[in-house]
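Single-structure report; data block below.
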There are 2 protein chains.
Amino acid sequence: MSVTIKDVAKKAGVSPSTVSRVLSNNTRISRETSQRVRDVMEELGYHPNIMAKSLVSRTTESICVILPKPAEELFLNMFFMELIRGIVTQANRSGYDVLISSGGSEQEEIEAVSRLLKGKRVDGAILLYSRKDDQVVEFLKNNQFPFVLVGRSEKFPDILSVDNDNVQAAYDAAKHLISLGHQRIGFVSGPPNHIVSRDRMKGYVTALEEAGLEKRKEWIVEGEFLQESGYRAMSFFMNLPERPTPLVVVDDLVSLGVLRGLYELGYKVPEDLCIVSFNNLSIAELSTPPVSSMDIGIYNLGYTASQALIQSIQHEGERQFQKRHIIPHRLVIRESSLYSPPKKP
Amino acid sequence: MSVTIKDVAKKAGVSPSTVSRVLSNNTRISRETSQRVRDVMEELGYHPNIMAKSLVSRTTESICVILPKPAEELFLNMFFMELIRGIVTQANRSGYDVLISSGGSEQEEIEAVSRLLKGKRVDGAILLYSRKDDQVVEFLKNNQFPFVLVGRSEKFPDILSVDNDNVQAAYDAAKHLISLGHQRIGFVSGPPNHIVSRDRMKGYVTALEEAGLEKRKEWIVEGEFLQESGYRAMSFFMNLPERPTPLVVVDDLVSLGVLRGLYELGYKVPEDLCIVSFNNLSIAELSTPPVSSMDIGIYNLGYTASQALIQSIQHEGERQFQKRHIIPHRLVIRESSLYSPPKKP
DNA sequence: CTGAAAGCGCTTACAG
DNA sequence: CTGAAAGCGCTTACAG
């Protein structure tokens, strides 16, 4: 049997209420009593039963994070781990625990979320990157559960969310290449049902338009967030009569696929093709050659998401806090983009 | 206000006890009553309060996993993510939730574990890879909390744990190189206070001895699980008058460091130096050239750890189940080791 | 097969 | 500053 509040009360010669007040740092307890009770707690090795506390206080001091379907997007491992590190670190600092959950399908995700939130096991949820028309968002919104989205929702723009300015980030990436004198710039995108793919595509297009550069359908390839997509895109581009000289690539892993393909065909980076990609995962720095990449502050995304969620849980009702948080991005230039094409006569 | 067991009872015209029995699939409830109650639950959108249930049943149906100190070993990201995926998948299948916690120091880890276990928020804990003389292991053991170690403890060999046979794995890796005709085989190890480093070192040494090959102190370098360690080891080896022709490397990330250094110095892999490393992370396959690596079944380690822990929670007292689980390893041969050295005359 | 009652370990008005 | 009492939402012997 573990020691309860009653045991402490008895041994300290006070009532359970008093022990409870000491626990919650209630000010109206005399210094001596408080100290005596604390001593007894120490002596008995007392730890408050979190479940009992949560039952009466109607708050669990924990949040859950929902992983996307496990098999798919496995490759984003490094991305998610970094995000989770940020989330867990900040949550623990605020005294919250973090529960990880993953569903095999969107329906299973909803069931899990519903069990956790309706069953009062957690106070809120963090959703990692949303698809278009995400059912889970819809469910959480309809039930008025506190939650934060890492990414953004087109259907519900007023939702609590943490995101990068992906349009601007892609714009900046393209701009970097333009400033090096490139004229024909290609883009390797991700799945079109991911909002992030489309945001980045938009930034790329805007940069080209603003610089008065030619846009061509054949210079844009859509794929998955997978190495193979990069490989395929590369082989498509290199067979064009007029091929792009640099590529903006939606994710570092995809860049690795491009790199691999180029290596096999005997092309050189950056001389034959420049590359700038996104996320600045460790693989971008570790690859040969190192890849220029847009750092989007993944840890920061997680940290901020957790902070925003916990804030909204603790101040429910007061609606005056910020709804949309934008994490800054920063281009890390490496060997893969350090080349200016020869000037046309 | 959310709907409780009482609301359901009233609406269904039964007692709360009966509703509770329906919930737990108690057999002694008539089919009609059961169905009626279920209908009402559905209609009212009832979800049992997990905290209340846990308070009386003295079981939480959740486990926690303790991440090692966050900053250090950040690079092992991919390793941990894969492990966590395995853990979460299996736990969810068994109806358990998973709570993630991380401490800044060993002392903080103990406090976190103690709060969670003594506070009855979780039923057991998973420890990810142990150091020598791990205090957390000691704490859990002394308090008789259910836990499982991913790795092994030298001090407490009888503890519930999931591990690879790292000695055998390293032996097999070295054997692969020996079978290609290599005579001078080097080893790049990890931190000596990690049991896994020493296990792998031992396997390497044994393979050399068995094959009657020369062992030299200068062919063994210890470092961190970091790319830089590989870089440094490489530059050390390449400056030896008699340098090794292949290297067994303790981790894929370290291999990348070796590869990077060789590339910069103009050496070729596998012609100038062969490499076999461990863990078979995605970076091993993605690097240039792809690196031969010992797959240790990371997902499987996590899955099995969760399974063993939950089993031991559910069958506490009965001590007849298996204490030590060994996950099989498998060498994945890639370009980095596909070269036999020229035969001596 | 079902219900009334006690209790899990806390917190929190209410009273003094 | 402190205590007695009620209650959070469940489960589980006990009784019928």
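Lettering of chains follows the sequences in order, A, B, ..., and the numbering in each one begins at 1.
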Among the candidates dA5(C), dG9(C), dG7(C), find the nucleotide nearest to the side-chain atoms of V56(B).
dG7(C)

For dT11(C), take OP1 and OP2 only and decide whether either is under 4.0 Å from a side-chain N or O of S57(A).
no

Between S20(A) and dT12(C), does any side-chain N or O lie under 4.0 Å from OP1 or OP2?
no

With the side chain of S30(A) defined as its heavy atoms from C-beta on, choose the nearest nucleotide among dC1(D), dA4(D), dG9(D).
dC1(D)

Side-chain N or O of S15(B) versus OP1/OP2 of dG3(C): is the shortest distance under 4.0 Å?
yes

Is it the case that more than 12 heavy atoms not belonging to K118(B) sit under 6.0 Å from its NZ atom?
yes

Nucleotide nearest R21(B) when distance is taken to its side chain, options dA4(D), dG3(C), dG9(C)
dG3(C)

Shortest side-chain distance from V14(B), nucleotide among dG3(C), dG9(D), dT11(D)
dG3(C)

Can you see if the side chain of T33(B) gets near the phosphate of dT2(C) - specifically, an N or O under 4.0 Å from OP1 or OP2?
yes

Going by modelled atom types, is there a donor-acceptor pair between the base of dG9(C) and the side chain of R58(B) at under 3.5 Å?
no

N/O (side chain, S17(B)) to phosphate O (OP1/OP2, dG3(C)) under 4.0 Å
no

With no hydrogens and no angle check, just 3.5 Å: does a side-chain donor-acceptor pair link S15(A) and T18(A)?
yes

